[in-house]
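Notes to accompany the following structure.
Side chains included, hydrogens not; waters and symmetry mates left out as well; all remaining heavy atoms used.
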Amino acid sequence: MKGSEIILKSLIEEGVDTIFGYPGGQIMPVYDSLYGYSKELRHILVRHEQGAVHAAQGYARAKGFPGVVVVTSGPGATNVITGVADAMVDSTPIVVIAGQVGNAALGTDAFQETDLIGLTAPITKWNIQVRRAEDIAPAVARAFYIAQSGRPGPVVIDLTKDAQIGEAEFEYKKCSFIRSYNPYPQVGEEVISQAVEMIDSSKRPFVVFGQGVITSGAEKELEAFINKGSIPAASTMLGLSALSYDNPHFKGMVGMHGNVAANVMTQECDLLIAVGMRFDDRVTGKVSAYARQARIIHIDIDNTEIGKNIPVDLGIVGDAKSVLANLADRISPADHSEWEVVAVMCNAIEKHKVVEPQVNPEDGVLRMGEVVTRVADAMKGKGIVVTDVGQNQMMGARYSRFVQSRSFISSGGLGTMGFGLPAAIGAKIAKPERPVCLFVGDGGLQMTMQEFGTIMQEGVAVKIVLLNNNWLGNVRQWQELFFGERYSFTRMMNPEYEKIVDAYGMGYGFVEKREDLGQAIEKMLEYDGPYLLNAHVKEEDNVFPMIPPGNEVDRMMLNAKEWFEYGE
């Protein structure tokens, strides 16, 4: 069997049913073989390779299964690098298969030759160049095992032309073991006992959980743990939806634009239990002052994260699902209702100073928060929320309401503008039965707007809410607050979106008046097909609360003039 067919057979053996890709010269043999596999493998023809990799990310995050990308060499391969880096930081399992020049041409600067292995080595969990047909199946098996085991991540297979056109016997064996690679470390009894003692003796425990809870499938275990211990909990941005918003112990999101209660309780707890999160700088604020009063337990499957950014008193290297299940069985039932009173006070301040002015403003101009809130009300927790990066992202995270896991998809660590539209396409393809709503700004939308062509060709019924303020809003906010209102190249001149959307056969709506918002959202959600709602929101709106760089996480700006510092 030719190598080009072996690669497709191997993907099928791994359970792949969808490929995001773009053909080209050095991957042509694979595409020629793909012609005969249209029933087994659905190929999504994107309009740019960056769209392919972001769509694969959205697919993987929604489905919990690696997204697959197939591209050609040279610029085709380099165009996926942003998405590969994004997937690495956000622990997203994807497998990228890129064509490469023939073996004899390697190192000669042949047409469209690029050292993809060298380029992607720092931003992949594993990469490999395959030069022989007989090495393809083992490489694919290893790639899928590495991509989705332990802490997930991206894998790149660089496939030379010789490997594609060469022939070999096809035999596929799934990979379940690699020497020196231990994706699921065993947790010792002594460590669990020490954690139980610390939790049971705590008067003010607090849990901060991240996406690791979702990737390990530990949602039920997390809920059982915090319910039994009556422990308040908050999420990182990528951890959102792991715990239902209506759980009485859930205090919202931590971090730069997080909830007041979540950030204050981080600084007031006597025990911080971090689960499947990496203490990103947007979460910690001033590192030297972060949770300075607390003992810290850090549970993570990646031992390199333990103590990397924040010193901890107890590191537990293990899978969140098994660790939380063990802890939930062994901790004593507790009542921390007095400790949770702190959240009641903080929530009241945030509602009065931040939420109400954003969600129920007195002026007649639409606000970002009220648009997101009304969409959330209309979807009733059933939808998948995807965001781009910027103010739309923070508003989507803050004002959506999640009751089901894998319901929030965004670019976290890399902060990739342009991520949203292709990621929404991937999420909808992964979960066609669920409504998918993208919140995006006018800047991010125009970065990957060519993927409207993918939506048109594939009939992907995504709903797009454009929070249109004619600015690069997040950068403009920083320029207003920290750069003396010098708005350097952040004002946007935007196109007539209605004409663009019409050209791609999509539904379109425009709203700028509050009294029209409910009907506009209803029309969008009921529309049978893809739809863009152009919501013209307040042009110089800001996202608050905000922890300016260099500040402690319990010292927040409630608006451009008022600060909140707990204890004052």
Problem - Stepwise side-chain hydrogen bond (donor to acceptor under 3.5 Å, both in side chains) check, Y497 with Q446 - result: CA-CA 10 Å; Y497 291 106; Q446 292 181 73; 3.1 Å; yes
Exercise for the section: Identify the two heavy atoms, one from A291 and one from L272, that lie closest to each other, and give their separation to 0.1 Å. Expected result: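 Closest approach of A291 to L272, heavy atoms only: CB-CD2, 4.0 Å.
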Exercise for the section: Check L366 against L517 and note the closest heavy-atom contact, atom names and distance. Expected result: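 Scanning both residues, the minimum pair turns out to be CD2-CD2, 4.0 Å.
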Should we count [atom1] of [X] as having more than 12 external heavy atoms under 6.0 Å?
X    : atom1 : value
Q519 : CD    : no
D528 : CG    : no
E433 : CD    : yes

Practice task
Give, for atom CZ of F279 and atom OG1 of T284, the distance between the pair rounded to the nearest 0.5 Å.
Solution key: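 One gets 9.0 Å once the value is rounded to the nearest 0.5 Å.
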Handout entry: Distance in Å, K228 NZ paired with R330 CZ, rounded so as to fall on 0.5 Å steps
Key =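 Interatomic distance, K228 NZ to R330 CZ, rounded to 0.5 Å: 10.5 Å.
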Charged N-O contact under 4.0 Å between [X] and [Y]:
X    : Y    : result
E219 : K321 : no
D541 : R367 : yes
R42  : E458 : yes
D300 : R151 : no
R204 : E268 : no
D280 : R282 : no
E305 : K308 : yes

Problem - CA sep, side-chain torsions, deciding dist, call: E340, K251, salt bridge (Lys or Arg N to Asp or Glu O under 4.0 Å) - result: CA-CA 9 Å; E340 296 211 21; K251 306 306 172 191; 2.6 Å; yes
Handout entry: N551 side-chain N/O to P548 backbone N/O, donor-acceptor pair under 3.5 Å
Key =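 Yes; at least one donor-acceptor contact below 3.5 Å.
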Exercise for the section: Assign the ring pair F510 / H536 to parallel, tilted or perpendicular, where the plane angle (0 to 90°) is split at 30° and 60°. Expected result: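 Rings of F510 and H536: tilted, 30 to 60°.
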Handout entry: Donor + acceptor pair across side chains of N347, E350 (<3.5 Å)
Key =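 Distance-only check fails for N347 and E350.
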Exercise for the section: Determine whether the side chains of Q391 and N474 contain a donor N or O and an acceptor N or O closer than 3.5 Å. Expected result: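 Their side chains do not contain a donor-acceptor pair, so the 3.5 Å distance test is not met.
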Exercise for the section: Give the C-alpha distance, both sets of side-chain angles, the deciding distance and a yes or no for side-chain hydrogen bond (donor to acceptor under 3.5 Å, both in side chains) between E552 and Q267. Expected result: CA-CA 9 Å; E552 297 88 345; Q267 298 298 82; over 6 Å; no
Problem - Contact list for residues 388-424, test ring pair (Phe, Tyr, Trp, His ring centres under 6.0 Å), sequence neighbours left out - result: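 Of all non-adjacent pairs touching residues 388-424, those that pass ring pair (Phe, Tyr, Trp, His ring centres under 6.0 Å) are H54-F419, F402-F408.
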Practice task
Scan V537, L445, V371 and name whichever one has a side-chain contact (heavy atoms from CB on, under 4.5 Å) with L466.
Solution key: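 That would be L445.
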Practice task
Establish, yes or no, whether a centroid distance under 6.0 Å links the rings of Y59 and F65.
Solution key: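 No.
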Practice task
For the residue pair S241 and I214, establish whether any side-chain heavy-atom pair is separated by less than 4.5 Å.
Solution key: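 Counting from C-beta outward, S241 and I214 do come under 4.5 Å.
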Exercise for the section: List the steps, then state whether salt bridge (Lys or Arg N to Asp or Glu O under 4.0 Å) holds for K63 with D17. Expected result: CA-CA 12 Å; K63 195 165 187 175; D17 58 15; 3.4 Å; yes
Problem - Among T92, T416, D90, D86, side-chain hydrogen bond (donor to acceptor under 3.5 Å, both in side chains) partner for Q57 - result: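 With Q57 as partner, side-chain hydrogen bond (donor to acceptor under 3.5 Å, both in side chains) holds for just one option, D86.
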Exercise for the section: Give the intermediate values and the outcome of side-chain hydrogen bond (donor to acceptor under 3.5 Å, both in side chains) for residues N542 and R476. Expected result: CA-CA 9 Å; N542 289 329; R476 188 214 58 77; 2.4 Å; yes
Exercise for the section: May I have the step-by-step check of side-chain hydrogen bond (donor to acceptor under 3.5 Å, both in side chains) for H249 and E223, ending in yes or no? Expected result: CA-CA 9 Å; H249 302 296; E223 186 173 25; over 6 Å; no
